[in-house]
Amino acid sequence: MKMAVIGAGKWGQALYHAFSQKNDVVIHSRTPREIENFVSLDEALSREYQVMAIPAQFVRSWLEKYFEDRGQKILVAAKGIETATGAFLNDIYGEFVPQQRLAYISGPSFAAEVVQSLPTALMISSVNLELARTFSDALPNYIKGYISDDIIGAEVSGAYKNVIAIASGVCDGLGLGNNARAALISRGLVEMTRFGEAFGAHSETFLSLGGAGDLFLTASSTLSRNYRVGLGLAKGKKMDEILKELGEVAEGVGTSKALQKIAEKKGIYLPIASEVYAMIEKGKDPRQSVRDLLG
Ligand SMILES: NC(=O)C1=CN([C@@H]2O[C@H](COP(=O)(O)OP(=O)(O)OC[C@H]3O[C@@H](n4cnc5c(N)ncnc54)[C@H](OP(=O)(O)O)[C@@H]3O)[C@@H](O)[C@H]2O)C=CC1
Ligand SMILES: O=C(CO)COP(=O)(O)O
């Protein structure tokens, strides 16, 4: 297949590496990079299949400024909920392209391991299962693809797990132990399922690769940027210092703000997400958050 990856951050470059195993792939990003097959925006948009690895909080502005609908089929690779509006990525991309031409990739996948061609399993979700299968078949032999039609469940789980990962980093940063982390992750899974069901997601999706799989991975490893945000919060660091040190996107920060807005508006009980929001936005003492969660 003729493909283009747009967004040459860690994940875009990892997906470029992966899809290049079996396909003719080019890559584009706002900032030019010394990457083989780095092309102009026009060349990238001319490709029939696009992989969009632009971070969630920048998707709308990028589409409004640069996107031209030339009938492309699009695989959305970001994980997050838009802070300003509470919109999911399928809402935003759906304003520009019919859902029949949109698919969403999710699941346990650190870019650092995908670029090493280490074994990985991912979910590709779409209302158009034939399109999901097309993208799955384009994956390299070291990535096993699973298909789903639950785009809401896939999106919610991919976004929400980043917020639970922040909480898990706080837990480990405070040295609360393995029992505490296991309890937090388990209750986090319940919480994200509750949230997803409020939007019509299928509960079983949260036990899939994109749900429990990605949650377990991200909430248990310093490879996760979101987990490292939690470590920083536990050490009493301020958010601007944490993000400067990180130097990369941590989608859970913006998503936690979006979740707080949605929870207040729809009256959904999100105890862990609301404590993450309080630590990030209000500088709440992580130890007090733990006490409140145990209360
Ligand atoms: N890293 C990982 O392991 C994984 C990440 N993801 C998801 O992929 C998405 C991208 O993350 P990742 O690549 O890791 O992030 P990075 O921080 O590595 O890169 C983000 C990239 O976004 C681009 N960018 C920044 N600001 C803007 C903007 N205003 N408009 C358009 N592009 C912008 C930058 O490229 P430029 O300056 O060229 O525009 C930058 O390189 C996130 O949603 C993340 O959750 C999913 C699975 C794994
Ligand atoms: O989504 C990811 C792994 O599946 C990457 O997680 P982080 O964004 O926390 O690094």
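Note that the structure is predicted; figures quoted are calculated from it, not measured. We count ligands from 1, going down the list as the structure has it; atoms in each ligand are counted the same way.
Of the candidates Gln13, Arg30, Arg60, His28, it is Arg30 that places a heavy atom closest to atom 33 (C) of ligand 1. Heavy-atom proximity to atom 42 (C) of ligand 1, evaluated over Lys161, Lys10, Glu251, is greatest for Glu251. Which of Trp62, Trp11, Phe110 comes nearest to atom 12 (P) of ligand 1 through a heavy atom is settled by distance: it is Trp11. Of the candidates Gly9, Gly7, Pro55, Pro55 brings a heavy atom nearest to atom 23 (C) of ligand 1.
A continuous path of ILVMFWY side-chain contacts below 4.5 Å connects Val276 to Ile81, so both sit in one hydrophobic cluster.
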Could you check Met1 against Thr134 for side chain to side chain contact (heavy atoms under 4.5 Å, CB included), going step by step and ending with a plain yes or no?
CA-CA 9 Å; Met1 288 176 13; Thr134 299; 3.6 Å; yes

Assess whether salt bridge (Lys or Arg N to Asp or Glu O under 4.0 Å) is satisfied between Glu245 and Arg228, documenting all intermediate values.
CA-CA 10 Å; Glu245 281 176 10; Arg228 298 205 300 271; over 6 Å; no

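With sequence neighbours left out, the side-chain contact (heavy atoms from CB on, under 4.5 Å) criterion links Arg187 to Val190, Arg194, Ile272. Taking Ala132 as the reference, Ile124, Ser126, Ile147 meet the side-chain contact (heavy atoms from CB on, under 4.5 Å) condition, with sequence neighbours excluded.
Under a 4.0 Å heavy-atom criterion, Arg33 is in contact with ligand 1.
Checked by distance only, ligand 1 and Ser61 stay at 3.5 Å or farther apart across all their nitrogen or oxygen atoms. Residue Asn162 has no N or O atom closer than 3.5 Å to an N or O atom of ligand 1. In terms of polar-atom proximity, Ala8 is not counted as a contact of ligand 1, lacking any N or O under 3.5 Å from an N or O of the ligand. In terms of N/O distances under 3.5 Å, ligand 1 is approached by Ala111.
Tyr66 pairs in a side chain to side chain contact (heavy atoms under 4.5 Å, CB included) with only one of the listed residues (Ile6, Leu45, Ile54, Leu41), which is Leu41. Partner Ser220 forms a side chain to side chain contact (heavy atoms under 4.5 Å, CB included) with one of Asp172, Ile185, Leu215 and no other, that one being Ile185.
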What does the contact table look like for ligand 2 (nitrogen or oxygen on each side, cut-off under 3.5 Å)?
unit_1, atom_1, unit_2, atom_2, d
ligand 2, 1 (O), Lys79, NZ, 2.9
ligand 2, 1 (O), Lys161, NZ, 2.7
ligand 2, 4 (O), Lys79, NZ, 3.1
ligand 2, 4 (O), Gly107, O, 3.2
ligand 2, 4 (O), Ser109, N, 3.0
ligand 2, 4 (O), Asp214, OD1, 2.6
ligand 2, 6 (O), Lys161, NZ, 3.4
ligand 2, 8 (O), Arg225, NE, 3.3
ligand 2, 8 (O), Arg225, NH2, 3.1
ligand 2, 8 (O), Asn226, ND2, 3.3
ligand 2, 9 (O), Ser224, OG, 2.7
ligand 2, 9 (O), Arg225, N, 3.3
ligand 2, 9 (O), Asn226, N, 3.1
ligand 2, 9 (O), Asn226, ND2, 2.8
ligand 2, 10 (O), Arg225, N, 2.9
ligand 2, 10 (O), Arg225, NE, 2.5

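Listed by number with element, the atoms of ligand 1 under 4.0 Å from a non-hydrogen atom of Ser29 are 35 (O), 36 (P), 38 (O), 39 (O). The atoms of ligand 1 that sit less than 4.0 Å from any heavy atom of Val249 are 15 (O), 17 (O). Near Ala77, meaning under 4.0 Å from any of its heavy atoms, are these atoms of ligand 1: 7 (C), 8 (O), 46 (C). In the vicinity of Ser109, heavy-atom distances shorter than 4.0 Å reach the ligand 1 atoms 3 (O), 47 (C), 48 (C). The Glu248 neighbourhood of ligand 1 comprises atoms 17 (O), with distances under 4.0 Å to a heavy atom of that residue.
Between Phe19 and Tyr49, the ring centre distance reaches or exceeds 6.0 Å.
Thr31 OG1, 2.8 Å is the protein heavy atom nearest to atom 37 (O) of ligand 1. Considering only non-hydrogen protein atoms, atom 1 (N) of ligand 1 sits nearest to Arg225 NH2, 3.2 Å. Closest to atom 10 (C) of ligand 1, if we only count protein heavy atoms, is Ala53 O, 3.4 Å.
Within the 4.5 Å cutoff, no side-chain heavy atoms of Tyr142 are placed close to those of Leu118.
Ala103 and Phe135 get closest at one heavy-atom pair: CB-CD1, 3.9 Å. Residues Ala201 and Ile152 come closest through the heavy atom pair CB-CG2, 4.0 Å.
Legend: side-chain hydrogen bond (donor to acceptor under 3.5 Å, both in side chains) pairs involving residues 33-42, not counting sequence neighbours, sorted by first then second residue: Tyr16-Asn37, Ser29-Arg33, Asp42-Arg70.
Using a 4.0 Å cut-off between charged nitrogen and carboxylate oxygen, Asp240 and Lys238 do not count as a salt-bridge pair.
Put simply, the side chain of Gln13 gets close to the backbone of Ala8: a donor and an acceptor are under 3.5 Å apart.
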